[in-house]
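For ligands, and for the atoms within them, numbers begin at 1 and follow the listed sequence. Given the structure is predicted, the values throughout are model-derived calculations rather than measurements. Reckoned from all heavy atoms, side chains included, excluding hydrogens, waters and symmetry mates.
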Amino acid sequence: MSDDRFVFQEESDNIPPESPFNTDSYKPGKILTVDDDINYQKSLLYSLRDLVIKGKPVEILTANSAAEAARVLTQHDDIAIILLDVVMEQDDAGLRLVDTIRYVQGNALIRIILLTGQPGVAPRKEVMHKYDINEYWNKSEIDHDTLKSVIAANLRSWHSMYELEQARIGLQMVVDASRHLASKYDKKSFIQVVLKEIGYLIGGKNELTLCVAQVDSDNSYEKASFIAGVGISGVRPGEHLPDSLCDEFGQLCEHALREENHQFNHNRSVLYFCGNNEHSYCYMVLVKARQNLSDYHIHLLQVFSENISSGFMQLSLVNQLSKLAYQDTELRINNRNWLLRELNTMNTSDLNESELIILEIDQYDSRVLSFDEHSLCEAIKAIYLNINNTLKHSLAIARISVDGFAVLYNKQKAPTDSTLISLINQTYEINGYTIRYSFTIARIELALIQDLPALQQLHLARSLLCYARQQGNGVISYQPGYRDHLVRDYQYLSDLMTAIENQEFYLAFQPQVDIHNNHPVGLEALIRWKKNGKVILPGEFIPLAERTGLISKIDPIVVRLVADAIHHLKREGYQLPISFNATVKDISNPEYIQLVMDLIETENISSELFDIEITETQAMESYQDIHPVLEKLHDAGIHISIDDFGTGYSSLSHISQLAADTIKIDIAFVTHLDKDKASQKVVEMVINLASIFGFSVIAEGIETELQKQELIDRGCHIGQGFLYARPMPIDELLVWLGNNRTA
Ligand code: C2E
Ligand code: MG
Ligand code: MG
């Protein structure tokens, strides 16, 4: 025979070089002879006694019945050929065994050679047609030589089928392993899967030592940093490879790095993987098996390596993407998404120990327009460095918006308020510009808001910042009651919107009187909200309306109601000026001013009957913006009153220029006039100031005769207060006016 794969001993002992199986691990398939004729069995055994394949004897198993054969078959999964007698315990016992092997045991590989001494019982043609057998011989036809060549041929085909099956299983393993790889997007778990699957693919009984290391493009394997390993001790991630590995794998590693390719040598392999598209680093997987790797296993490793390679590339892409997703592109620090992820993944003990500090630049948008993009970018960098230097002990800093940073702190190491206050006002000299910034800062103990999802925690922090700005606070700390306050505000806001839609407002009028004779000289219109039958005073909703901008819807309603009241009073025979309260937002709103002007024009209202009140604080804070508008109104004959005077900080130069007619002394000073010297002084000063600049004076909140007398003594002539009348609806006002008619 000239078979170079399966040979009988006398023909060749050589190991074929192209064999995918190493001879030391290869075991030839077994042969099972099944016959109830003991003598025939003996002669078969004799014929096959010297059967050797690739230097290894072929094991022959025997059974004397179909039942026994079935048992043997279940105990050996490496039987290549069965020489099967047809007629045994039953006439068709052998044939039934064929079906059992093929359909019950599901063994499609085993070569079945039927041997019969009674061909008449099972005619060849019929049997070959009906049963899944490979050969059918009459015992009388098959001699020693024929048997040997039949066996050799069948062993050969079993072997190629076996190889194919192994390849299929190997491929399946690679596919499964690759599927496991594909689901890992972080380096650590990806590498764990690589190690595990390599172990699974080529390990088995072959004990493996595995190591994954990373090498920078300009470095040698000795500088490689260890990432993970199996069967390696004494080295930690990030450290260089231990000397023992360098000694064992040095040459292979050098080749792998130079040729950028996998290297296989007996029981050692180095797999090479490019780390990223720029080839700036690579990975090496060092594999050491106890036994030499077969070509089959090398082939599996190569196929699997293709997947590892694309996995590493994918990982590098994912890393880049995650950098984009979690890093601020300008400052290359964590961004808002990072913070959200961080907040979402914090456990209870982290939350209990951490504080979140949010810093936001004030009026960033308007500042942006004053500088070029480059300077702005430089400024943001300088701001970040300043924050980073000042808040040294932070856990992390993130840029969460163009104008905002978030800093995470361990509560024990959190900065004091005064450290934060030192950050509030900053000046930077950048590219010849002086850039000034101020910050508003909110600090929140995360334990207090841990019931909220991360996104809402950030929303809450932002709303706290807005609140701090409204309150004029540079640094604000979150208090547990703040959320209830927010919820109440929200409910109130939606009620207020409904009130605007449904016109639930009316005016109460408080007379302003000559305090010498109680004669009315004017009225102040004060808004009231009739909410579900209950009267709500403005102190409860006007501040919220101002904060949310709803005031620009409410105050125009007031102006219209004032115009209606003027007409109403006129019809009743009264012509009294009515003052009404306006805010800076109103005065700065051209539509509001136009409305006032239009009402004078179209409704034929004498302009001096309109008296617009603005508080001293607002008038002074926004003096530059509103001064021209007040002048315009004043020139049109409309009266202007400065409300709550004495509580703000007026500049004398502004007062002298102010387009106003009247100053209203704040209620607080009038209230304490009878006992408090300071209040008396303020009242005297205001009255003096008014007389110098030609303003008339109204004292607010007169409740007692004593207060009235003190005011008279200081030269005040006009006042309003509960002593004369409370604010009242127009019907009551008409009654009051009837009772206090001027003579
Ligand atoms: P204000 O303009 O200084 O109004 C005077 C406040 O003092 C009124 O309170 C009035 O009822 C109260 N008052 C008058 N005499 C006395 C007194 O003898 N004793 C005491 N304890 N209080 C007295 P009210 O009506 O609750 O209004 C509060 C504030 O709400 C007003 O202060 C004003 O700033 C604002 N406001 C009222 N109506 C409007 C409006 O239509 N628009 C805007 N933007 N604000 C309004
Ligand atoms: Mg007022
Ligand atoms: Mg007032």
Side-chain angles (χ1 to χ4, degrees), residues 496 499-500 503-513 515 518 520 522-530 535-565 577-589 592 595-596 610-619 626 639-648 660-674 683 686 697-708 710-711 718-729 732-733 736:
L496 206 52
I500 293 167
Q503 301 274 344
E504 292 172 16
F505 302 109
Y506 72 96
L507 296 182
F509 298 91
Q510 185 175 39
Q512 296 167 337
V513 301
I515 56 177
N518 295 0
L523 303 164
E524 179 171 5
L526 295 155
I527 193 169
R528 299 290 180 262
W529 173 12
K530 197 152 195 179
V535 177
I536 313 280
L537 293 175
E540 229 181 280
F541 61 90
I542 289 290
L544 177 65
E546 281 195 54
R547 278 208 303 279
T548 54
L550 272 189
I551 198 74
S552 63
K553 296 233 162 22
I554 294 175
D555 278 345
I557 297 175
V558 171
V559 183
R560 281 206 177 82
L561 291 174
V562 168
D564 291 348
I578 302 185
S579 66
F580 49 92
N581 298 277
T583 65
V584 170
K585 282 203 181 100
D586 298 323
I587 305 295
S588 319
N589 175 7
Y592 180 84
L595 174 69
V596 175
F610 270 160
D611 186 338
I612 299 182
E613 292 190 10
I614 175 142
T615 64
E616 180 198 14
T617 312
Q618 292 200 8
I626 63 167
H639 274 229
I640 310 288
S641 295
I642 306 302
D643 206 354
D644 303 344
F645 199 88
T647 53
D661 303 276
T662 306
I663 288 181
K664 298 184 76 176
I665 304 175
D666 189 71
I667 209 164
F669 306 111
V670 177
T671 305
H672 301 118
L673 201 53
D674 40 2
V683 169
V686 173
V697 174
I698 297 183
E700 282 192 285
I702 309 172
E703 290 186 357
T704 65
E705 285 293 337
L706 208 62
Q707 289 164 354
K708 169 183 147 185
E710 293 281 352
L711 285 162
I718 303 167
Q720 66 185 90
F722 297 168
L723 181 63
Y724 307 99
R726 287 180 177 260
M728 53 202 152
E732 282 178 40
L733 173 74
W736 186 91

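Between Glu524 atom OE2 and Asn581 atom OD1, the angle centred on the Mg ion (ligand 2) amounts to 100° (nearest 10°).
With hydrogens and angles left out, the side-chain atoms of Thr615 and Asp644 include no donor and acceptor closer than 3.5 Å. Judged purely by distance below 3.5 Å, without hydrogens or angles, the side chains of Glu524 and Gln510 never pair a donor atom with an acceptor atom.
One finds the CG atom of Asp586 at 9.0 Å from the CD1 atom of Ile612 (value rounded to the nearest 0.5 Å). Atom CZ of Phe505 is separated from atom CZ of Arg528 by 12.5 Å, given to the nearest 0.5 angstrom. Within the model, atoms CG of Leu496 and CD of Glu540 stand 11.0 Å from one another, a figure rounded to the nearest 0.5 Å. With values rounded to the nearest 0.5 angstrom, Leu673 atom CG is found 9.0 Å from Ile702 atom CD1.
Scanning for side chain to side chain contact (heavy atoms under 4.5 Å, CB included) contacts around Ala563 gives Leu599, Glu603, Ile605, Phe610, with sequence neighbours left out. Considering only residues two or more places apart in sequence or on other chains, Phe669 meets the ring-ring contact (aromatic ring centres under 6.0 Å, His included) condition with none of them.
Sorted by chain and number, the protein atoms of type N, O or S within less than 2.8 Å of the Mg ion (ligand 3) are Asp643 OD1, Asp644 OD1, Glu700 OE1, Glu700 OE2.
Within the 4.5 Å cutoff, the side chain of Leu595 has heavy atoms near those of the Arg560 side chain.
The two residues Pro543 and Pro538 come nearest to each other via the heavy atoms CD-O, 3.7 Å.
When heavy-atom distances to ligand 1 are checked against 4.0 Å, the residues falling inside are Gln510, Glu524, Leu526, Ile527, Arg528, Pro538, Ile542, Ile551, Asp555, Val558, Asn581, Thr583, Glu613, Asp643, Asp644, Ile667, Glu700, Gly701, Ile702, Glu703, Gly721, Phe722, Pro727, ordered by chain and number.
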